[in-house]
A.B. asks: 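Dumping the structure here so I can ask a few things about it.
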There are 2 protein chains.
Amino acid sequence: MTAAGNHQASRSGRRLERAGIRDVAAAAGVSITTVSDALNGKGRLPDATRRHVREVANRLGYRPSAAARTLRTGRSGLIGLTVTTYGEEPFTFTEFAYFAEMARAATSAALARGYALVILPASSRHDVWSNVALDGTVVIDPSDHDPVVADLVRQGIPVVSDGRPAGNLPVHAWVDNDHEQAVLGILDHLADSGARRIGLLTGTSTDTYTRLSTTAYLNWCERVGQEPVYEAYPAHDPCAGAVAADRLLARPDRPDAVYGLFDPNGTDLLAAARRYGLRVPEDLLLVCCSERAAYATTEPPISTLSLKPGRIGTAVVQLLIDAIEGVGAGRPVAQVMPTDLIVRASSQRRSTRTTVSPPRSPEND
Amino acid sequence: MTAAGNHQASRSGRRLERAGIRDVAAAAGVSITTVSDALNGKGRLPDATRRHVREVANRLGYRPSAAARTLRTGRSGLIGLTVTTYGEEPFTFTEFAYFAEMARAATSAALARGYALVILPASSRHDVWSNVALDGTVVIDPSDHDPVVADLVRQGIPVVSDGRPAGNLPVHAWVDNDHEQAVLGILDHLADSGARRIGLLTGTSTDTYTRLSTTAYLNWCERVGQEPVYEAYPAHDPCAGAVAADRLLARPDRPDAVYGLFDPNGTDLLAAARRYGLRVPEDLLLVCCSERAAYATTEPPISTLSLKPGRIGTAVVQLLIDAIEGVGAGRPVAQVMPTDLIVRASSQRRSTRTTVSPPRSPEND
DNA sequence: CGCATATGCAGAAACGTCACTGCATCCCGG
DNA sequence: CCGGGATGCAGTGACGTTTCTGCATATGCG
């Protein structure tokens, strides 16, 4: 009898999968165009029609096909989160806390702007990469001439990196901490706490983080007239850190304070100090760079430098979505973020007055 | 005018974005069908043609449009990873280690079978959920009558849950640990180590994990004829755990061994023990359920029950992809996984030659 | 009253791919 | 020499949206 009945008949032969926009149009007695416009708030439609269509769509449980929409509009609402891989597994456990927090913040930030995150390890099979329609990608710590990044950029897909891009990767923007400033702050803090000779536990790799931090340390030493005391080890090897910590404290010119650039250095140094009968913080001041909440409850609690991965994750995503939506003029953007020094017992000597920022609980912000 | 010439002409006016399948067909002098077949290994084509097409496609940097393929085939190669949210943020920090490890394993497993993972917090705006074409979803610890899950199932999208589905959520499969067995194993282990009265630190919420673990404890108590000694607290509140740990050790019927169901219980109990002057493990045996590597380096190291989130993540993804690809007959599948008890100094009384206890600083805590 | 403009909607062409159908060959046995 | 089955490809819809264009009516204005 009605047009709706007619349409229903014409589709009755098909299997009754999900309702499409056609079904909604038929049920509402309007055209496909009108449904699309009503649901997307476009076109010139009186509110009555809009409401009616919405109501019918709702009743039919209509969900627009994401694939069709993506194909038509060229936007998927998906952004990639590329994480460097060591061996077969994405992200090594030494970066767990940093990555987890960064991903959490990035997810929230993306969601707030209507995007979802896809986890895509850099070493993924190529077919997986090309099988997902990305509006853009975040890459964490891209290596010198990352082929994946280059490929993406060539396809015109915006890429924003966490960490200064090495080589001259053509990323659209990057975010990084102010590593020089961070190191200088720590060294000053240690000196304020009474340190006379500050050592550094650093890495052998040439990534930007290691390089910037180490040169900042060397510059500081030169400025204050201290002989540099440091040990470098391959940071990706978890056992090497313990050995390097031991070597550092075994030296004849043993430092009375140490800053460790990597997450496990705190426990490694603590263990080494114990072996040599050094009390922390009385005989040895300790700071390391880590996001681990557990350092708040070691004996003694260890001061840490937090890179604030949450802030980084948020910033990276904002920049990426800006690039996707064409907000930023399209020129590369660099954003340097401050770090947080969380001062705990391991870097404070009772004798000296409390300095710098007050101890802060790790779960804040 | 040939079809190829026609196409070329019709596309000459457009901006030269990415190469499409048409461009490849034109450049290779074959039809679209042939290109598709050659690249996907279908159809009847001699190897020479196949190679030629592949070579041309490569030269043009052709990448098939994921959106078009998804629309056509009905497969996106994307699976959702839904994580419960507390407040605005996905996953609370008490579940960090578990989630990170689980996600890592799930990502690897998915990738190995050609799928990518999309992080989708359960509380996401509905439009984000419906804007991404998912082949299936993993839900972690779904709540009783999760509307999102119900909606997905209604759309015919496979859902597999990590943790027994509460209520009767119509998931296609689930994976969970054998929590009863785990608790019994721990209690036996503690009893073996000489515990006479074992206490439990548990939660007030009614989720399956808490419920199963607690009843397993109560059953064990009844079997061996011990009066239950436990404190329950709201597990999502980080401070409440410390208070509960304190209460447990303050009781007149103080236990000489405690199992804590939640991640922070180890440090909480350790701190409480210190306050009451109890030595671990001499006066108090300790085990808690956690994935934190840091428990290996506390003073003393604390025995932990690992739920093996990696195994869970892998299993969940395998089950999901099986369901997507129609491998499993389509009937619900349940899979119960064993746990790992990692025995450290905190729960062993015999071999007390664990680590050297450092000279305690009298003024600190 | 007539013309211009606004309003409400419908038609149809994409978006880029895959899969079904079908048309030529070619080969081979009878 | 002919019929039938391989073989190698090309045409042609869909898939389910969005969006551009356009056609009717209403509405305003001189």
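All of these numbers come straight from a predicted model, not from anything done at the bench. Just so it is clear: chains get the letters A, B, ... in the order the sequence lines come, proteins before strands, and each one is counted from 1.
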A.B. asks: Can you see if the side chain of B/S65 gets near the phosphate of C/dG16 - specifically, an N or O under 4.0 Å from OP1 or OP2?
C.D. replies: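 Answer no for this pair, as no side-chain N or O of B/S65 is under 4.0 Å from OP1 or OP2.
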A.B. asks: Can you check whether A/S36 has a side-chain N or O nearer than 4.0 Å to OP1 or OP2 of D/dT18?
C.D. replies: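 Yes, A/S36 has a side-chain N/O under 4.0 Å of OP1/OP2 on D/dT18.
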A.B. asks: Working to the nearest 0.5 Å, report the span between CG of A/L320 and CD1 of A/I79.
C.D. replies: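 Separation between the atoms: 5.0 Å.
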A.B. asks: Please name the residue in the list A/D47, A/V53, A/T49 that meets the side chain to side chain contact (heavy atoms under 4.5 Å, CB included) test with A/R51.
C.D. replies: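 Running side chain to side chain contact (heavy atoms under 4.5 Å, CB included) over A/D47, A/V53, A/T49 with A/R51 returns exactly one hit, A/D47.
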A.B. asks: Is there side-chain contact between B/M102 and B/V138, with at least one heavy-atom pair below 4.5 Å?
C.D. replies: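 Result yes, sub-4.5 Å side-chain heavy-atom pair found.
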A.B. asks: Mind calculating the distance between OH (A/Y62) and C1' (D/dT17) to the nearest angstrom?
C.D. replies: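 Spelled out: OH on A/Y62 to C1' on D/dT17 is 7 Å.
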A.B. asks: Quick one: is A/T73 getting a side-chain N or O under 4.0 Å of the D/dT18 phosphate, OP1 or OP2?
C.D. replies: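 Indeed not, no polar side-chain atom of A/T73 lies that close.
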A.B. asks: Calculate, to the nearest 0.5 Å, the distance between atoms CG and CG belonging to A/L111 and B/D127 respectively.
C.D. replies: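 One gets 9.0 Å once the value is rounded to the nearest 0.5 Å.
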A.B. asks: Write down the distance between CG (B/L39) and P (C/dA19), rounded to a whole number of angstrom.
C.D. replies: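 Result: 13 Å.
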A.B. asks: Just the rounded figure in Å: distance from P of D/dG16 to CZ of B/R72.
C.D. replies: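 About 10 Å, once rounded to whole Å.
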A.B. asks: Check this one for me: any side-chain N or O of A/T49 less than 4.0 Å away from OP1 or OP2 of C/dC9?
C.D. replies: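 Indeed, a polar side-chain atom of A/T49 lies that close.
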A.B. asks: Closer than 4.0 Å, any side-chain N/O of B/R69 to the OP1 or OP2 of C/dC18?
C.D. replies: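 Indeed, a polar side-chain atom of B/R69 lies that close.
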A.B. asks: Rounding to an integer number of Å, can you tell me how far A/N40 CG sits from D/dT17 C1'?
C.D. replies: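 Result: 9 Å.
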A.B. asks: Taking the side chain of A/R22 as heavy atoms from C-beta outward, which of C/dC9, D/dG16, C/dT17 is closest to it?
C.D. replies: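 Among the listed nucleotides, the one closest to the side chain of A/R22 is D/dG16.
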A.B. asks: Determine the contact category for A/D37: base if any of its heavy atoms lies under 4.0 Å from a base atom, sugar-phosphate if only primed atoms, P, OP1 or OP2 are that close, otherwise nothing.
C.D. replies: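 It contacts base atoms.
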A.B. asks: Could you work out how much the helix from C/dC1-D/dG30 to C/dG30-D/dC1 bends, comparing the axis of its first five pairs with that of its last five, to 10°?
C.D. replies: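 About 50°, once rounded to a multiple of 10°.
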A.B. asks: Students often get this wrong, so: under 4.0 angstrom with heavy atoms, is B/R44 touching a base, only sugar-phosphate, or nothing?
C.D. replies: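 Since a base atom lies under 4.0 Å of B/R44, the category is base.
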A.B. asks: Looking at A/V175 and A/L319, what are the two nearest heavy atoms and their distance?
C.D. replies: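 Result for this residue pair: CG2-CD2, 3.6 Å.
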A.B. asks: Please answer whether the main-chain N or O of B/P147 pairs with a side-chain N or O of B/D151 as donor and acceptor at a distance below 3.5 Å.
C.D. replies: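 Not at all, since once roles are kept as given, no pair shorter than 3.5 Å links the two residues.
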A.B. asks: Can you find a side chain N or O atom of A/R63 that sits less than 4.0 Å from OP1 or OP2 on D/dG16?
C.D. replies: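 Answer no for this pair, as no side-chain N or O of A/R63 is under 4.0 Å from OP1 or OP2.
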A.B. asks: Using a cut-off of strictly less than 4.0 Å, decide whether B/K42 has a side-chain nitrogen or oxygen near OP1 or OP2 of C/dA19.
C.D. replies: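 Checking B/K42 against C/dA19: at least one side-chain N or O falls below 4.0 Å of OP1 or OP2.
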A.B. asks: A/L71 CG to D/dC15 C1': how many Å, rounded?
C.D. replies: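 My rounded result for the distance is 9 Å.
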A.B. asks: B/R75 has an atom CZ; how far is it from atom P of D/dC15, in whole Å?
C.D. replies: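 Checked: the CZ to P distance equals 17 Å.
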A.B. asks: Could you check which of C/dA10, C/dG16, D/dA10 has an atom nearest any side-chain atom of A/S31?
C.D. replies: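 Selected nucleotide (nearest to the side chain): C/dA10.
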A.B. asks: Take atom CG of A/N131 and atom C1' of C/dT17, then tell me their distance rounded to the nearest Å.
C.D. replies: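 Spelled out: CG on A/N131 to C1' on C/dT17 is 12 Å.
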A.B. asks: Does B/T33 place a side-chain N or O at less than 4.0 Å from the phosphate oxygens OP1/OP2 of D/dT12?
C.D. replies: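 Checking B/T33 against D/dT12: no side-chain N or O falls below 4.0 Å of OP1 or OP2.
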A.B. asks: Is it true that a side-chain atom of B/R164 and a backbone atom of B/D176 form a donor plus acceptor pair closer than 3.5 Å?
C.D. replies: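 Side chain of B/R164 to backbone of B/D176, a donor-acceptor pair under 3.5 Å: no, none is there.
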A.B. asks: Return the value, rounded to whole Å, for the distance between atom CG of B/D23 and atom P of C/dC15.
C.D. replies: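 From B/D23 CG to C/dC15 P: 11 Å.
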A.B. asks: Of the nucleotides C/dC9, D/dT17, C/dT17, which has the atom closest to the A/I21 side chain?
C.D. replies: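 Between C/dC9, D/dT17, C/dT17, the one nearest the side chain of A/I21 would be D/dT17.
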A.B. asks: A/D37 and side chain to side chain contact (heavy atoms under 4.5 Å, CB included): which single residue from A/T33, A/V35, A/T34, A/N40 fits?
C.D. replies: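 Going through the options one by one, the only one that passes is A/T33.
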